[in-house]
*Asks:* 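Questions regarding the structure given below will be posed in turn.
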There are 2 protein chains.
Amino acid sequence: MVVPIYTQIVETIRKKIDSGELKPGDAIDSENTLCKEFGVSRMTVRKGLAILAQEGYIYSIPGKGNFVKKPDLTKYTLYYDEMTNSINIVDKTRLLEVNIIMPDEKLADDLQISRRKNVISIKRLFYTDGDPVAFDIKYLLYYRGMPIVEKEIKEATFSEMIAKTTAAFAIKKELMIYAEVPSEEIKYYLNIYNELPVLVVEQKLLSKENKPMGLGITYYRGDYIKLYGTSQ
Amino acid sequence: MVVPIYTQIVETIRKKIDSGELKPGDAIDSENTLCKEFGVSRMTVRKGLAILAQEGYIYSIPGKGNFVKKPDLTKYTLYYDEMTNSINIVDKTRLLEVNIIMPDEKLADDLQISRRKNVISIKRLFYTDGDPVAFDIKYLLYYRGMPIVEKEIKEATFSEMIAKTTAAFAIKKELMIYAEVPSEEIKYYLNIYNELPVLVVEQKLLSKENKPMGLGITYYRGDYIKLYGTSQ
DNA sequence: CAGTGGTCTAGACCACAGC
DNA sequence: CTGTGGTCTAGACCACTGC
């Protein structure tokens, strides 16, 4: 039992799809037919088909059959963390300020709260090899008794901050990426003297019920960051 | 059988994880225990656990048990297509030039080919509401008899170009995202007269065997694009 | 109606962990 | 050795599809 039977089923069918022998929309042999072809029980066939479905190769319509799926060519997976990216790692942070503020209109809207609610704002600078590479602002909903301890805030990523008060699983996140001309404040902190853009990454953290819990905006020197993604 | 039993198993365990009752590293009840708890057969329990594993909640170690996984807080899913993004849709394209060229060193390296191989380069402009919003270059490996028909090239996305010669499933893709000061050529084409950065998205298409098949670089006006991603 | 996929059972043997 | 998860079987009933 070195290689499971369902693996052979998966590879046989996948090969037909990759080679173009089976095209999107084409029907796969029915499960009972595959049972006979491979001489196995139906649960084994279904295990193989489940894997192909998970990989995005096929889908099934009850009562009709299994069909080759049109691949989603626009889907990418991207790994992002404010402190770590492919061309540099943040090795030092500097806490600029921590404030409890009333949100302006845009922020109140983003966090879906009243403008009279308190919000914690945390401004930090990220360094790599002694150079400032990113300016970072986080806005967190303020809860009474929330620990605002410098040590905890200074080196934490956004997820880590929220995870202090919430189970990490109960979190959804959204990213927004764009390029911008830096403001004077950011130019000052990032030692930008000439025409150099910043790459801005906004992270929004939401509860499973889609209630916003925090907003983070990180401004990277354009020459210090590249984000990578891959299909599948 | 409106709601399958395994769904109840999934939800029961997921609730324990979301609420923090079960923490990363904790063991789930063994499959046989769960069989007794829910009064079902082992295959049904395993079906439920398989779903939780697929969702990233748990993992299993043969001979030991099932355990709660530490969630991957850095993983995002991003949908990207040169022509379509959340704040604008390309409604017109202009083919600037199509050439067969010898690659320079960087390109030869990116495509993993000799500098004496032929490469097709395609330069295009993307428009939204009459305004140029992106400058786009594609480099494709040249195969004898490759159809270089203006009509086919003009409006195709990168994936569509490659799909002409390869089964779409047999493709892997890589993305690279960064911000840049536009070159004079790009400023000219994108009507940029002041200090405005471009967001650059490089797409590399690879065969399943990791052989590069093409490279696409799209330069977007910074004020005309935002990329969005979500966890899970 | 026959055929399809979706769910579920009650067994079985295996390889592996840990004692 | 016992207990664990991984694989597999040979049935079963269901809801749905299409004729």
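Residue numbering restarts at 1 for every chain, and letters A, B, ... go by the order of the sequence lines.
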*Asks:* When you compare the side chain of D72(A) with that of T74(A), does any pair of heavy atoms fall below 4.5 Å?
*Replies:*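 They are in side-chain contact.
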*Asks:* NZ of K36(B) versus C1' of dT4(D): gap in Å, rounded?
*Replies:* 12 Å
*Asks:* Would you indicate, yes or no, if dT4(C) has its OP1 or OP2 atom less than 4.0 angstrom from a side-chain nitrogen or oxygen of S60(A)?
*Replies:* no
*Asks:* Is the closest side-chain heavy-atom distance between Y80(B) and Q203(B) below 4.5 Å?
*Replies:* yes
*Asks:* Can you tell me how far C1' of dG5(C) sits from CG of D29(A), to the nearest Å?
*Replies:* 14 Å
*Asks:* Does a donor on one side chain and an acceptor on the other come within less than 3.5 Å for D131(A) and T128(A)?
*Replies:*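 No.
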*Asks:* Produce the list of close N/O pairs, under 3.5 Å, pairing protein atoms with atoms of nucleotides 1-3 of chain C; give distances to one decimal.
*Replies:*
from: dG3(C); atom 1: N2; to: G63(A); atom 2: O; distance (Å): 3.2

*Asks:* Using a heavy-atom cut-off of under 4.0 Å over every strand shown, decide if I61(B) touches base, sugar-phosphate, or nothing.
*Replies:* sugar-phosphate
*Asks:* Tell me, please, whether Y79(B) has K75(A) positioned over its six-membered ring: NZ or CZ under 6.0 Å from the ring centre and within 45 degrees of its axis?
*Replies:* no
*Asks:* What is the distance, rounded to the nearest whole Å, between atom NZ of K47(A) and atom P of dG6(C)?
*Replies:* 15 Å
*Asks:* Find the distance I9(B):CD1 to dC8(C):C1' and express it as a whole number of Å.
*Replies:* 11 Å
*Asks:* Can you name the nearest heavy-atom pair linking L215(A) to E202(A), along with the distance?
*Replies:*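 Of all heavy-atom pairs spanning L215(A) and E202(A), the closest is CD1-OE1, 4.1 Å.
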*Asks:* May I have the distance from L49(B) (atom CG) to dT4(D) (atom C1'), rounded to whole angstrom?
*Replies:*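 For the pair L49(B) CG and dT4(D) C1', the rounded distance is 12 Å.
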*Asks:* Show me the donor-acceptor pairs within less than 3.5 Å that the side chains of residues 43-55 of chain B make with the rest of the protein, sequence neighbours left out.
*Replies:*
from: R46(B); atom 1: NH1; to: E31(B); atom 2: OE1; distance (Å): 3.4
from: R46(B); atom 1: NH1; to: E31(B); atom 2: OE2; distance (Å): 3.0
from: E55(B); atom 1: OE1; to: R14(B); atom 2: NH1; distance (Å): 2.7
from: E55(B); atom 1: OE2; to: R14(B); atom 2: NH1; distance (Å): 2.9

*Asks:* Please give, in whole Å, the distance from dG6(C) P to E31(A) CD?
*Replies:* 6 Å
*Asks:* Quick check on dG5(C): is either OP1 or OP2 less than 4.0 Å from any side-chain nitrogen or oxygen of R46(A)?
*Replies:* no
*Asks:* Nearest whole angstrom, please: distance from the P of dT7(D) to the CD1 of I51(A).
*Replies:*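 Rounded to the whole Å, the gap is 8 Å.
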*Asks:* At 10 degrees resolution, what angle do the end axes of the helix from dC1(C)-dG18(D) to dC16(C)-dG3(D) form when each is taken over five base pairs?
*Replies:* 10°
*Asks:* Got a sec, which residues hit side chain to side chain contact (heavy atoms under 4.5 Å, CB included) with T230(B), two or more places apart in sequence or on another chain?
*Replies:* E174(A)
*Asks:* Taking C-beta and beyond as the side chain, do I28(B) and L22(B) meet within less than 4.5 Å on heavy atoms?
*Replies:* yes
*Asks:* Respond yes when some side-chain nitrogen or oxygen of N66(B) is under 4.0 Å from OP1 or OP2 of dT4(D), and no when none is.
*Replies:* no
*Asks:* Does any donor atom in the side chain of Y57(A) or K69(A) lie under 3.5 Å from an acceptor atom in the other side chain?
*Replies:* no
*Asks:* Rounded to the nearest Å, what distance is computed from the CG atom of residue L34(B) to the P atom of nucleotide dC8(C)?
*Replies:* 15 Å
*Asks:* Protein-nucleotides 9-12 of chain C N/O pairs closer than 3.5 Å?
*Replies:*
from: dT9(C); atom 1: OP2; to: S41(B); atom 2: N; distance (Å): 2.8
from: dT9(C); atom 1: OP2; to: S41(B); atom 2: OG; distance (Å): 3.1
from: dT9(C); atom 1: OP2; to: T44(B); atom 2: OG1; distance (Å): 2.5
from: dA12(C); atom 1: N6; to: R42(B); atom 2: NH1; distance (Å): 3.4

*Asks:* Are E11(A) and K16(A) close enough for a salt bridge, meaning some N to O gap below 4.0 Å?
*Replies:* no
*Asks:* Should the heavy atoms of other residues, nucleotides or ligands under 6.0 Å from CG of D129(B) be counted, would the total exceed 12?
*Replies:* no
*Asks:* If the condition is side chain to side chain contact (heavy atoms under 4.5 Å, CB included), which residues does I137(B) pass it with, not counting sequence neighbours?
*Replies:* K123(B), F135(B), Y139(B)
